[in-house]
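Within every chain, numbering begins at 1; the chains are lettered A, B, ... in the order of the sequence lines, protein sequences first and strands thereafter. Computed from a predicted structure; not experimentally measured.
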There are 2 protein chains.
Amino acid sequence: MKQNPDTTTEQLILETAENLFLEKGFALTSTTEIARIAGCNQALVHYYFRTKDRLFDAVFEKNAGLFISAFLQGVEENISFEEKVRKKVEIQYDILKANPKMPFLFFNELNTNPKRLNLLKEKIGNLTKSFFLQMENELRVEIEKGTIRPMTAMNLMLTILSLNLVLFLASPVLKVITDMTDTEFQSLIESRKRENVTVILKSLRP
Amino acid sequence: MKQNPDTTTEQLILETAENLFLEKGFALTSTTEIARIAGCNQALVHYYFRTKDRLFDAVFEKNAGLFISAFLQGVEENISFEEKVRKKVEIQYDILKANPKMPFLFFNELNTNPKRLNLLKEKIGNLTKSFFLQMENELRVEIEKGTIRPMTAMNLMLTILSLNLVLFLASPVLKVITDMTDTEFQSLIESRKRENVTVILKSLRP
DNA sequence: GCATATATTAATAAGATTATTAAATAATAA
DNA sequence: TTATTATTTAATAATCTTATTAATATATGC
């Protein structure tokens, strides 16, 4: 059963589960299907992860971590504010580009399963608070210098997140209604990063 | 069983189904639960709509229509380009504000169910094409006049959609991780419309 | 090799879900 | 009233799901 000796069956199951969860979400994925695709007995899925819920948690935790890091990504370097913003946007965009299905899973499960919302809060509750405070401070300095217009951290954060997220959330819809080929869509993804940076930097101008 | 004589049982079932589908999506909503909440026998749900799929289609079609209208909304009036953009953004935002759960349903089902993607395409395939062409034309005129920077219709449309959508898609997450009260969140929704218009208009500047 | 632990499978219990059917009830028209 | 149609219900078939269990195969240490 083990095709690749480097991968344990447990890992194989986890990876298969991740792919399916990312593809169709929690509810539409069954442990039976996970086992079928992983090429093992269905009981084995439960042997390693006990319940479907725990298996999902393992997948979700990893992806939530990625998402949060994409979101809270800090830039320490000694560069101008404009360059800091640019870097922040680009790093977030790159993480999303490398994990294009992750936003779907994230929003889908947090919208449908309140339990997971609470888990998320426990995990990052105060992380965000300090993140916002720091951002507020940086913004205040720039606003007082007159280099950017008055603007709250919440609004800037929402703008960045919005622009970066939607392309990936909407990609299946976009591809179909605009009749784009995969390569056309790939080049849209490439060019969109620059556009997002432009929009955000222009939106900051006084 | 009929509490309100103005509403037929069929309508009641449809409305109940809509609420539940919007809340939890297709997969997590059962016809049994729809019947329980509508206060009728489960077989009745099937009597009126035959299958769960058809019932969902009825709900989805209505909501997809709303979404598309939010998206393709045209502004005919004889006003400046800047005012046209402002109106477009505001109208779309208002439709989303009036139907805050609709984007979740829309993206969730189109991401998980390819069948529905094809239905959507059939319905609006060429509508979008002419919409994009018109937008390209309007943009070209302004770009040649030098009133806005070079910019594709796709990018402008994506920017508008991104900014307007994400607040509603992310509302459950946002509320929880920022500890906002409902009234605080409500006022964020109010203020965000102005901010989106500002960002978009600034992003158009040469 | 043998004993022990680990991994894997087949079988199945328990419960939920969609959909159908036949019977009962309510509404309507003649 | 009575016949006919529309609405509603109870019962249930068929299928699928998660999860458990006991039995089998495989690996590991001694």
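- Closest to the side chain of A/Thr9, from the set D/dT9, D/dT21, C/dT8, is C/dT8.
- Of the listed nucleotides (C/dA19, C/dT9, D/dT8), C/dT9 has the atom at the smallest distance from the side chain of A/Cys40.
- Atom C1' of nucleotide C/dA19 and atom CG of B/Asp53 are separated by 13 Å, given to the nearest angstrom.
- Taking atom CG on B/Leu44 and atom P on D/dT9, their separation rounds to 6 Å, with Å as the unit.
- Ring orientation note: the planes of B/Phe21 and B/Phe56 are nearly perpendicular, at an angle over 60° on the 30°/60° scale.
- In this structure, the CG atom of A/Leu28 is 13 Å from the C1' atom of D/dT17, given to the nearest Å.
- Note: CD1 (B/Ile13) to C1' (D/dT7) measures 10 Å, nearest angstrom.
- The side chain of A/Ser30 has D/dT18 as its nearest neighbour among C/dA19, D/dA19, D/dT18.
- Whole-Å rounding puts the A/His46 NE2 to C/dA11 C1' distance at 15 Å.
- In this structure, the NZ atom of A/Lys52 is 13 Å from the C1' atom of C/dA16, given to the nearest Å.
- Considering only the side chain of B/Tyr47, D/dT8 comes nearest among C/dT18, D/dT8, D/dA10.
- Residue B/Thr32 is in base contact, counting any heavy-atom pair closer than 4.0 Å across all strands shown.
- Judged by the 6.0 Å distance and 45° axis criteria, B/Lys193 is not positioned over the aromatic ring of B/Tyr93.
- Because its NZ or CZ atom is not both nearer than 6.0 Å to the ring centre of A/Phe168 and within 45° of the ring axis, A/Lys97 does not count as a cation-pi partner of that residue.
- Along DNA chain C, the nucleotide nearest A/Gln42 and the nucleotide nearest A/Tyr48 are compared for position; the residue whose nucleotide lies closer to the 5' end is A/Tyr48.
- For the pair A/Leu139 and A/Phe81, the minimum side-chain heavy-atom distance is below 4.5 Å.
- When the C1' atom of D/dA23 is taken as reference, atom CG of A/Asn41 falls 13 Å away, rounded to whole Å.
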(Q) Walk me through whether B/Arg192 and A/Thr159 qualify under side-chain hydrogen bond (donor to acceptor under 3.5 Å, both in side chains). (A) CA-CA 10 Å; B/Arg192 189 71 189 157; A/Thr159 298; 3.0 Å; yes
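- One atom, CZ of B/Phe56, and another, C1' of C/dT18, lie 16 Å apart when rounded to the nearest Å.
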